[in-house]
Amino acid sequence: MAERMLQFTHVERKMPDKREAKARADDFAEIYAEFSKEAAGAQAARCSQCGVPFCQQGCPLSNNIPDWLKLAAENRLEEAWQVSSATNNMPEICGRICPQDRLCEGICTIQQSGHGTVTIGSIEKYITDTAWEEGWVTPIKPPRERSQSAGIIGAGPGGLAAAEQLRRKGYRVTVYDAYDRGGGLLVYGIPGFKLEKHVVERRIKRLEESGITFKFNTRIGEQVSLSTLRAEHDTVLIATGVYAAKDLKCPGSGAQGVYPALEYLTASNRKGFGDAVPAYDDGALNAEGKRVVVIGGGDTAMDCVRTAIRQGAKQVTCLYRRDRANMPGSQREVQNAEEEGVVFEWLASPEAILDTKAGKVKAVRANRMKLGEPDASGRQSPVKTGESFDVKADMVIKALGFDPEDLPELFGEEALTVNRWGAVRVDYATMETSLPGVYAAGDIVRGASLVVWAIKDGRDAAEAMHKAMRAAARSETVAAE
Ligand SMILES: Cc1cc2nc3c(=O)[nH]c(=O)nc-3n(C[C@H](O)[C@H](O)[C@H](O)COP(=O)(O)OP(=O)(O)OC[C@H]3O[C@@H](n4cnc5c(N)ncnc54)[C@H](O)[C@@H]3O)c2cc1C
Ligand code: SF4
């Protein structure tokens, strides 16, 4: 068969050196805005107190944004922090990594009137960072201790928020996690240039000092069964996140140098902690000096391209099968990546990974796509144009999204009901699963989502768990009388 003619449309661009990349990261105003008291106050004072708090409606936690902006504008930072932390267990984390352009800031009245949003996330970060510096954030001292206990599977934001809420009410709380430290994707997924690791560590330390027990390196379903947990605790929360990476289905995807996104990011994050990571140290998971191709268009893909730049990659290209407007990732992240030198190949879908005789990746062959008819979801489906092109690569990162693991099988609990995508089904009024007394929160319920939604779910589940335990305690008292 005659070999198809390839069009080499890919443009090689100069990558910023490490110093430039760092300078640009330092300019990443939304996250790194290091406000002075005056600057934070001035930004907070831009809030018109419009009386129609759209921003609050745009926040999954319904944070009382206008009130803490007003208090910050009046330099009443401790009160602002109290209002902010009443509805959010980790405001300084959300302030750093929420996609505010799609949430509170995107809907801000000032933004809608064309004057540029009040930078709500940066002020939220500033208020709670100040609270930590000033020593206002202290361990929880519940008003009374209760004898009942909760077992929480997963120390990501969903599990941590639930653990904190239950401890506040005086329950004994144990958090089990398969990893060796707490935080879930806050520590091993999201890169340190977006969320500094010490910011998560101090949260975990505070929860430990509040009397919450953490059992790390404990994978429920393997080392300990779910039924053991249910017998040990009065209530159990499943907050295990989603970790089954969607795979690349094209020839050559098994070539040496092709890695799943989370493997790549976890290695980089572990290096940030100073851990020994042989696969990074031997160069395999280090992008330095390499031509890197990242496949995918979500926030995980953006984290991969921006991490590769910081590692000193020679060239970083992102392939996404739809166009820019239809990209699932935050537009702000795309803009940052572009400013840092990432080349985006929109409307490009991998056709094959090309490798050397030794089986090492050397290029990605991509189909040029166009947007066709809308599918059932209303989104235009990408279709092939018949054109293709190659992008040279020494490393390929697959960032195609995540599915839930098969939890009924892992936990040996067929009665645990999941939906057709494998996410745990809950009664949304209570977050209770099909197993009585077992609740679920975060990505394992929603599919891959956001930190702020995991926090909301964790808080909602904790409230329902508290109500159920209180009702059980009351009926025990009545029975004993
Ligand atoms: C690369 C990347 C970047 C992201 N960036 C952002 C961002 O900028 N902003 C944002 O809002 N969201 C972001 N997200 C999404 C966000 O991280 C998740 O929505 C959020 O962490 C979900 O919280 P969770 O508590 O449900 O699960 P996770 O954070 O995934 O935590 C689950 C925990 O459960 C543990 N676990 C799993 N199975 C078991 C088991 N059987 N036994 C014991 N422990 C178990 C895991 O070890 C993990 O610690 C990103 C996600 C990724 C992958
Ligand atoms: S939690 Fe997120 S959405 Fe809510 S106010 Fe903070 S940054 Fe905005």
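Start at 1 and go down the list; that is how both ligands and their atoms are numbered.
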- prompt: Taking 4.0 angstrom as the limit, do Arg219 and Asp177 come out as a salt bridge?
  reply: no

field: NZ/NE/NH1/NH2 to OD/OE distance under 4.0 Å, Glu263 and Lys398
entry: no

Presence of N, O or S from Cys98 under 2.8 Å of atom 4 (Fe) of ligand 2: no

- prompt: Between Glu338 and Arg324, does at least one N-O distance fall below 4.0 Å, as a salt bridge requires?
  reply: yes

Identity and separation of the nearest protein heavy atom to atom 4 (Fe) of ligand 2: Cys59 SG, 2.4 Å

field: Distance filter under 4.0 Å to Leu103 heavy atoms, resulting ligand 2 atoms
entry: 3 (S)

message: Whether Arg332 and Asp299 form a salt bridge (side-chain N of Lys/Arg under 4.0 Å from carboxylate O of Asp/Glu) is what I want to check.
response: no

- request: Tell me which protein heavy atom sits closest to atom 8 (Fe) of ligand 2, plus the residue, atom name and distance to 0.1 Å.
  value: Cys104 SG, 2.3 Å

- prompt: Out of Leu410, Thr300, Ile152, whose heavy atom is nearest to atom 53 (C) of ligand 1?
  reply: Thr300

- prompt: Do ligand 1 and Gly442 have nitrogen or oxygen atoms that lie under 3.5 Å from each other?
  reply: no

field: Distance from atom 7 (S) of ligand 2 to nearest protein heavy atom, with residue and atom
entry: Glu124 OE1, 3.2 Å

- prompt: Between Arg202 and Asp129, is there a side-chain N and carboxylate O pair less than 4.0 Å apart?
  reply: yes

message: Is it the case that the side chain of Thr228 and the backbone of Val224 share a donor-acceptor pair, with hydrogens and angles ignored and the cut-off at 3.5 Å?
response: no

